[in-house]
Structures are given as structure tokens and as C-alpha cells.
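Every chain is numbered from 1 and lettered A, B, ... according to where its sequence line falls, protein lines coming before strand lines. Values in this document were obtained by computation on a predicted structure and should not be read as measured data.
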Protein chains: 2
Amino acid sequence: MKELLRTKGYKATPQRELIFECFLAAGRHITVDELYQKVRLKDSSVGHSTVWRNLKLICKLGLAEEVNLGDGLTRYDRITPEPHGHLYCLECKKLVEFDMAKLLPALNETAQGSRFQPVGFKIEIQGYCDSCGERLGVTGENSYNGSGTKNVGKKERGKNDDLS
Amino acid sequence: MKELLRTKGYKATPQRELIFECFLAAGRHITVDELYQKVRLKDSSVGHSTVWRNLKLICKLGLAEEVNLGDGLTRYDRITPEPHGHLYCLECKKLVEFDMAKLLPALNETAQGSRFQPVGFKIEIQGYCDSCGERLGVTGENSYNGSGTKNVGKKERGKNDDLS
DNA sequence: TTGCAAATGAATGTCGTTTTCATTTGGGCA
DNA sequence: TGCCCAAATGAAAACGACATTCATTTGCAA
Ligand SMILES: [Mn+2]
Ligand SMILES: [Mn+2]
Ligand SMILES: [Zn+2]
Ligand SMILES: [Zn+2]
């Protein structure tokens with residue numbers, strides 16, 4: 001790690017090393033605050049902005065990327081050897097990954113059909129996981145949805161005055 | 001429109017009718033502020049929060065849905081008869097839609113493979129549009145990308161102190 | 001060692017979203 | 001047609017995540 005940092009021209013500070021270490025050890029889709037908490041278990045003097053900045057650096061170094069599930073929180077996802085998409089359970093908020101290799105040909109074709117030169121693909125499938133679907137009795141045909149999704153699962157900041 | 005509103009139990013106020021009208025007349029992917037501006041051309045007394053609340057209502061009524069391109073702005077997209085995905089040009093920020101019907105079988109299969117009951121799909125292809133790709137000399141194989149995308153195009157609020 | 005650009009951390013700024021609350025008003029009803 | 005009141009409105013404020021500022025510290029090349 002020290003290596004990578006120095007060869008890329010960044011200083012290997014103890015805070016930075018700790019943050020990188022905690023990030024790599026943590027699960028996927030971690031938020032700034034979640035990582036901040038983890039880091040502080042090891043060194044409570046590390047600042048929030050340092051964690052934020054280093055998470056940005058981790059992305060810049062190609063080790064992670066930001067993910068937006070539309071819930072108002074930016075999550076940082078470790079880059080995987082193969083591109084993957086996300087399955088998001090609307091009930092329990094569980095996030096499962098899936099390999100999107102099989103979909104790539106069709107996606108590239110789609111892009112070319114619109115004369116677009118694709119660089120990245122983001123696929124999110126919202127629905128219900130096994131247990132939630134069963135518990136809620138979600139049988140089959142729920143589907144359909146305008147542009148293909150709904151921005152459900154937003155963190156519910158509070159109530160709407162009206163339109164409850 | 002008055003009909004729909006009343007049958008659903010909502011009052012048909014002039015502001016509400018104007019907002020609905022402007023939204024339906026406007027292009028896709030409009031932001032609260034953009035719609036607010038359009039509305040004020042017709043009635044400058046309408047408040048910002050009223051536009052915001054009615055946009056939420058429009059979604060609740062199933063006429064639109066929120067779209068997050070990861071640029072920190074929520075856009076409201078008219079629901080289309082067939083689900084569609086988005087092609088997003090990283091250079092000029094142009095947003096083009098594509099019919100995702102052809103991809104649905106593979107997507108449903110993917111979901112079932114993880115025992116998920118799909119409800120909605122969100123597909124975003126980031127890359128370069130025809131003209132930008134040409135101008136920038138983006139030939140072909142750029143691709144690959146961890147979970148399938150990058151959160152590029154964020155509105156660049158300023159610079160980063162470091163990690164410029 | 002020394003010098004200095006890079007990095008850090010606390011505080012502060014930014015800005016889109018959401019709520020509060022006093023006031024107005026749509027529309028069911030007498 | 002007037003009344004009444006829950007729903008709706010609008011201005012202002014609250015909220016909260018992201019981002020920056022700046023004084024101070026520190027990695028590390030020379
Ligand atoms: Mn769209
Ligand atoms: Mn992931
Ligand atoms: Zn679930
Ligand atoms: Zn373009």
C-alpha cells in the first residue's frame with residue numbers, strides 16, 4: 001500500500017494507511033460515516049474530512065467507485081475484477097451483487113444503436129429478496145415501471161406536511 | 001386532470017393545475033428548479049415548495065418518477081408506456097433514452113438467479129455521444145468499470161484543496 | 001537535519017431537499 | 001348561496017450530506 005501511494009506521488013501518512021486498511025477490510029458499499037466510525041475504533045483522532053478525502057483518493061486510484069442508490073447517501077464500492085450490478089430489496093434494503101458479464105453484449109449493442117461509446121454501465125434491479133418476497137406474498141407480476149425503476153427506499157427524512 | 005385529482009382525493013387548486021400542466025408540457029428529466037422557473041413564467045406567485053410538493057404528488061399518482069444521475073440533482077421523468085434506460089454523455093451531459101424491452105428477459109433471469117422478485121430496473125449507460133466521442137477521439141475499448149459505472153459528471157462544486 | 005509541499009482536523013460553508021407554521025382556499029354540505 | 005374546515009399554499013427556516021477553508025503538522029526528498 002505504502003508502495004502504491006508513493007509511486008503515485010502521495011504521502012503515506014498513518015491516517016491514510018489506516019483509512020485504506022479499514023476500507024479494504026470493510027464490506028462493500030460503505031458510507032463515509034460508516035468508515036469514519038470504523039477508523040475511529042483504531043484511532044479516534046482521525047478527522048471526518050480526512051476520511052472523506054481519502055475515500056475520494058481511493059476512488060481516484062481506481063480501488064473503488066461511488067455508488068448512488070438514490071437514498072441520498074454516497075456509498076463507496078470496492079472495484080471488482082468483473083463489472084457487477086446491484087439487486088436492491090425494497091423491504092429490508094439488502095444489497096446483493098450480480099455479475100453483469102452476460103448482459104454486456106446486449107448493453108454494448110444498445111449503446112451503439114444510439115451511437116454512444118459506452119464507458120461504464122450501471123444496473124440496479126429493485127425488488128424483493130427471497131425472504132421478504134415470501135413474507136409479503138409478492139407472487140409474480142408486479143413489474144413495470146416507467147424508465148425502469150422507482151426511487152424507493154429513500155431514507156425517509158420525515159413527513160410531508162401533507163401527501164403522507 | 002381536475003378529474004384525476006378529485007377522484008384521488010386531492011384538491012384541484014390553480015397552482016396545482018398549472019404545475020401539472022407545465023410538467024406534462026416540459027421535456028423529460030426536469031429538476032424542481034427548472035419546473036419552478038417554467039411555472040413562474042405563467043404565475044410568478046407560485047412558491048418553490050408548492051412546486052416541490054406537487055412534483056412529489058405527480059410521482060405518487062404514477063405520472064412520473066424520480067431519477068438520480070448521481071450529480072446531486074433529482075430529476076423528474078415522465079413515466080413512459082415502455083420502460084426505458086438512459087445513455088448519459090460524460091462530456092456534454094446529454095441524456096438519451098433507450099427502450100429496454102429487449103433487455104428485460106435477461107434482467108428477469110438475472111434477478112431470479114438471485115431469488116429476487118424484480119419490481120423495477122434502472123439501467124444507465126455512461127459514455128460519449130456521437131459528436132463528443134468523435135471530437136475527443138474516443139475510439140473503442142475504454143470500458144470496464146468495477147460495479148459497472150463511475151459517478152462522473154458530478155456538478156463540480158469546487159476544488160478539493162488537494163487531490164485536484 | 002532541514003525545508004517545504006502535502007496532509008490533517010476542526011470549523012465553516014454550500015446547497016438541494018424537506019419541514020414548519022401562519023394564512024388562504026377548494027369544495028362538500030346545509 | 002354562504003359556511004366551515006381539512007387540505008393546500010408560500011415564505012422562511014431547518015436539515016444534512018458533501019465540500020472547502022485555514023492554521024498547524026508532518027512525510028520525505030535533498
Ligand atoms: Mn428518462
Ligand atoms: Mn457493489
Ligand atoms: Zn429483503
Ligand atoms: Zn456528448
Side-chain angles (χ1 to χ4, degrees), chain A residues 1-3 5-20 30-37 39-40 43-60 66-76 151 154-164, chain B residues 1-3 5-20 30-37 39-40 43-60 66-76 151 154-164:
Chain A
M1 200 67 264
K2 259 193 175 70
E3 322 307 310
L5 285 172
R6 288 182 178 144
T7 58
K8 294 280 185 173
Y10 297 98
K11 293 184 178 177
T13 68
Q15 296 95 330
R16 176 164 285 167
E17 289 188 86
L18 176 59
I19 292 170
F20 274 56
I30 198 170
T31 64
V32 184
D33 279 295
E34 287 168 351
L35 184 56
Y36 174 61
Q37 295 307 328
V39 167
R40 287 180 68 92
D43 178 350
S44 65
S45 72
V46 178
H48 190 279
S49 48
T50 299
V51 174
W52 179 82
R53 278 184 289 228
N54 277 292
L55 229 17
K56 288 289 187 184
L57 177 59
I58 285 171
C59 288
K60 182 187 268 194
E66 301 188 345
V67 173
N68 268 134
L69 270 359
D71 65 348
L73 276 202
T74 299
R75 287 161 190 289
Y76 293 81
N151 264 71
K154 190 153 289 185
K155 207 181 54 182
E156 286 298 352
R157 273 203 215 165
K159 49 184 49 186
N160 247 340
D161 185 278
D162 29 48
L163 40 136
S164 54
Chain B
M1 200 68 262
K2 261 194 173 70
E3 321 307 311
L5 285 172
R6 289 183 177 144
T7 58
K8 292 281 186 174
Y10 297 98
K11 291 184 177 176
T13 69
Q15 295 96 329
R16 176 164 285 165
E17 289 187 86
L18 175 59
I19 292 169
F20 274 56
I30 198 170
T31 64
V32 183
D33 278 295
E34 286 168 351
L35 184 56
Y36 174 60
Q37 294 308 327
V39 166
R40 286 180 67 91
D43 178 349
S44 65
S45 72
V46 177
H48 191 280
S49 48
T50 298
V51 173
W52 179 82
R53 279 185 289 229
N54 277 292
L55 229 18
K56 287 289 186 184
L57 178 59
I58 285 172
C59 288
K60 182 186 268 195
E66 299 187 348
V67 174
N68 267 134
L69 269 359
D71 65 348
L73 276 203
T74 300
R75 287 162 191 288
Y76 293 82
N151 265 72
K154 191 154 290 183
K155 208 180 53 180
E156 286 299 351
R157 274 202 215 164
K159 49 184 48 183
N160 246 342
D161 184 274
D162 29 46
L163 40 135
S164 54

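- One N or O donor and one acceptor, one from the side chain of A:S49 and one from the base of C:dA10, sit under 3.5 Å apart.
- Annotation: side chain of B:V32 is in contact with side chain of B:V51 (closest heavy-atom distance under 4.5 Å).
- Contact annotation: B:T50 reaches the phosphate of D:dG10 (side-chain N/O to OP1 or OP2, under 4.0 Å).
- The NZ atom of B:K11 sits 8 Å away from the P atom of C:dG26 (whole-angstrom rounding).
- Between A:Q15 and C:dA7, a side-chain N or O to OP1/OP2 separation shorter than 4.0 Å is absent.
- Side-chain proximity of A:R53 to D:dG27, D:dA8, D:dC22: nearest is D:dC22.
- B:Y10 has its side chain within reach of B:L57: a pair of non-hydrogen atoms, C-beta onward, lies under 4.5 Å apart.
- Here B:T13 pairs with B:K11, B:Q15, B:R16 under the side chain to side chain contact (heavy atoms under 4.5 Å, CB included) rule; sequence neighbours left out.
- Atom-to-atom, CZ of B:R16 to C1' of D:dA7 comes out at 8 Å; the value is rounded to the nearest Å.
- Residue contacts for A:S45: at a heavy-atom cut-off of 4.0 Å it reaches the sugar-phosphate backbone alone, with no base atom in range.
- When all heavy atoms of B:Y36 and B:G47 are compared, the closest pair comes out as CE1-C, 3.8 Å.
- The CG-C1' distance, from B:L73 to C:dT14, rounds to 13 Å in whole Å.
- Following rounding to the nearest Å, A:D43 (CG) and C:dG9 (C1') show an atom-to-atom distance of 12 Å.
- The CG-P distance, from A:D71 to D:dA17, rounds to 10 Å in whole Å.
- The side chain of A:T13 contributes no N or O atom lying less than 4.0 Å from OP1 or OP2 of D:dG27.
- If you take CG of A:N68 and C1' of D:dC18, they are 12 Å apart, rounded to a whole angstrom.
- Residue A:K56 contributes atom NZ, which lies 16 Å from atom P of C:dA7 at whole-angstrom precision.
- Here A:E17 pairs with A:K2, A:A12 under the side chain to side chain contact (heavy atoms under 4.5 Å, CB included) rule; sequence neighbours left out.
- In this structure, the CG atom of B:N54 is 15 Å from the C1' atom of C:dT18, given to the nearest Å.
- Closest to the side chain of B:Y10, out of D:dA8, C:dT17, D:dC18, is D:dA8.
- Nearest-nucleotide assignment on DNA chain C puts the 5′-proximal partner with B:H48, out of B:K2 and B:H48.
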